[in-house]
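For this chain, numbers begin at 1 and follow the sequence in order.
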Amino acid sequence: MLTALLTLVFVLFLGVPALAADISMSFIKDLGLSRGADAIRPVAVTHQADLQEVCITDVVGRDLIILNCHGLEVFRTDAGAGIAMPASGCLTRDGGLVFIERSHHSSEAIRKLNLFGESVPFHAQPPADPWRPNHLVVARNGDLITLDAISGLMARHEGNTGDLLWAAHLLPTGEDSANMGRPVEHADGRLFVPGGSLHSVMVLDAQGNFLKSFGQLGSNPGCFSFPVGVALTPAGNLLVLDRMRHKILVFDADQKFLDEFGSIGAGPGRFYQPLAIASSEDGFVYVTQGLLGLVQVFRISESRDL
């Protein structure tokens, strides 16, 4: 009775004990994407939740490669698509493709293909001249969000018409470049942007307004060296891929550091200057390693215990 009474007093005085996150990440496999002796350099990976498919951007083969939920290739663009220098390829809800074309004039920075890999007319209103985005995100409502990694210019376009909805400059005062990574959109509309050489992750609202940033430079657990990618887990945690620390860092919904995984190397589950990260609603995590020609698949397990 005395023990129960003391426990009740403890709870009433201090509140319910905080939940502790229990997270693990396990290596599943390398995706076999090369064809014979042809080398590939996967520089981007995106996941389309509606279709449960993954899009890999290969800059050497100038291909966009589509995989199903089992990691099996279901489509690959060919010469008929007329792709020259692709970046940040994504699937659209109707099964088509949209990507950044780095070789074209700024007015044609975003290109679209239909589900057969054929080019379709699309013109995105340039937010600036010149306009040279590196990263592309298909928002949950179908809008297209782009980011120029060097200048920090982010823009949002209506997905069908290409009309410019807003543009924002993300570089802090005094910075002239940042090498930012591909953003991710939260379910509530917020945008998380890996800052690259800024050693932090920015948090924006749905209109591109700066809310805050988190992270600090260092090699200790929870610190950033060069964050290049972000992804969201099924439980709502944030994964941050650090290219120079060769790790995936995990933060909770309040950006509190939870854990980190990975180490430098070329073997299974190891990273060597990874470039991009994506996640699925069923707990799979995809990481590209362009220099090694690899896309690795991991399974993340999350639980919360008292």
Side-chain angles (χ1 to χ4, degrees), residues 31-126 130-139 142-149 155-163 181-183 229 275-278 280 286 288-291 293-295:
L31 296 178
L33 301 176
S34 61
R35 289 182 170 177
D38 294 336
I40 67 167
R41 190 183 181 201
V43 296
V45 57
T46 61
H47 179 266
Q48 171 50 265
D50 293 344
L51 303 175
Q52 288 297 299
E53 291 182 332
V54 175
C55 180
I56 309 293
T57 305
D58 170 26
V59 295
V60 170
R62 295 178 292 181
D63 292 327
L64 301 179
I65 306 167
I66 310 304
L67 311 173
N68 64 18
C69 60
H70 303 293
L72 301 177
E73 181 177 326
V74 295
F75 182 79
R76 185 184 297 230
T77 55
D78 56 25
I83 300 174
M85 294 177 61
S88 207
C90 303
L91 282 152
T92 57
R93 290 181 174 180
D94 61 2
L97 290 161
V98 61
F99 63 99
I100 301 294
E101 177 61 274
R102 296 284 292 166
S103 68
H104 285 198
H105 186 270
S106 62
S107 64
E108 300 174 340
I110 301 177
R111 286 190 58 201
K112 282 189 172 184
L113 307 176
N114 61 21
L115 54 83
F116 303 107
E118 303 165 333
S119 185
V120 296
F122 182 75
H123 174 77
Q125 179 185 353
W131 179 41
R132 299 285 289 168
N134 305 77
H135 304 297
L136 173 67
V137 175
V138 177
D143 288 348
L144 304 178
I145 302 169
T146 60
L147 175 64
D148 184 322
R156 186 169 187 142
H157 290 82
E158 205 283 327
N160 294 316
T161 66
D163 292 341
R182 181 178 179 271
L275 296 176
I277 187 172
S280 66
Y286 304 85
T288 69
Q289 300 194 71
L291 294 178
L294 297 176
V295 178

request  = For the pair Glu158 (side chain) and Asn160 (backbone), establish whether a donor and an acceptor sit closer than 3.5 Å, ignoring hydrogens and angles.
outcome  = yes
key: CZ (Arg62) with more than 12 external heavy atoms under 6.0 Å   = no
request  = Identify the two heavy atoms, one from Leu64 and one from Gly89, that lie closest to each other, and give their separation to 0.1 Å.
outcome  = CD2-CA, 4.0 Å
Arg76 (side chain) donor-acceptor with Leu33 (main chain) under 3.5 angstrom = yes
query = Given the rule in the side chain to side chain contact (heavy atoms under 4.5 Å, CB included) test, do Tyr286 and Leu67 qualify, once you have shown the distances and angles that lead to the verdict?
reply = CA-CA 12 Å; Tyr286 304 85; Leu67 311 173; 5.9 Å; no
request  = Decide yes or no for Phe75 and Leu97: does some side-chain heavy atom of the first lie under 4.5 Å from some side-chain heavy atom of the second?
outcome  = yes
inquiry  = On a heavy-atom basis, which atom in Val120 and which in Leu113 lie closest, and how many Å separate them?
reply    = CG2-N, 4.2 Å
query = Side chains of Thr46 and Gln48: closer than 4.5 Å at any heavy-atom pair?
reply = no
inquiry  = Return the CD to CG distance between Glu118 and Asp78, rounded to the nearest 0.5 Å.
reply    = 9.0 Å
query = Within the side chain of Thr288, is there an N or O that forms a donor-acceptor pair under 3.5 Å with the backbone of Val45?
reply = no
query = Which distance, rounded to the nearest 0.5 Å, do you find between the CG of Asp148 and the CG of Asn134?
reply = 5.5 Å
key: Minimum heavy-atom distance Ala124-Ile110, with the two atoms named   = CB-CD1, 4.0 Å
ask   = Any donor-acceptor pair under 3.5 Å linking the side chain of Ser280 with the backbone of Gln52?
value = no
message = Could you tell me if the side chain of Val138 sits less than 4.5 Å from the side chain of Leu91, heavy atoms only?
response = no
ask   = For Gln125, does its backbone N or O pair with a side-chain atom of His157 as donor and acceptor, under 3.5 Å?
value = yes
request  = Mind listing the closest non-hydrogen atom pair of Pro183 and His135 along with its distance?
outcome  = CD-CB, 4.1 Å
key: Validation row: Phe99, Thr57 side chains within 4.5 angstrom (heavy atoms)   = no
remark   = What one should report as the nearest heavy-atom pair of Gly293 and Pro42 is CA-CD, 3.7 Å
request  = Would you check if Phe122 and Val98 make a side-chain contact, meaning some heavy-atom pair closer than 4.5 Å?
outcome  = no
key: Side-chain heavy-atom pair Val54, Ile66 within 4.5 angstrom cut-off   = no
message = Whether the side chain of Asp58 engages the backbone of Arg41 through a donor-acceptor N/O pair (distance < 3.5 Å, no angle test) should be reported.
response = yes
request  = For residues Ile40 and Asp63, determine if any side-chain heavy atom of one lies less than 4.5 Å from a side-chain heavy atom of the other.
outcome  = no
message = Taking the side chain as everything from C-beta on, heavy atoms only, tell me whether Glu53 gets closer than 4.5 Å to His47.
response = no
key: Ala81 to Gly117 - nearest heavy-atom pair and separation   = CB-O, 3.4 Å
ask   = Is the backbone of Arg111 close enough, under 3.5 Å, to the side chain of Glu101 for a donor and an acceptor to pair up by distance?
value = no
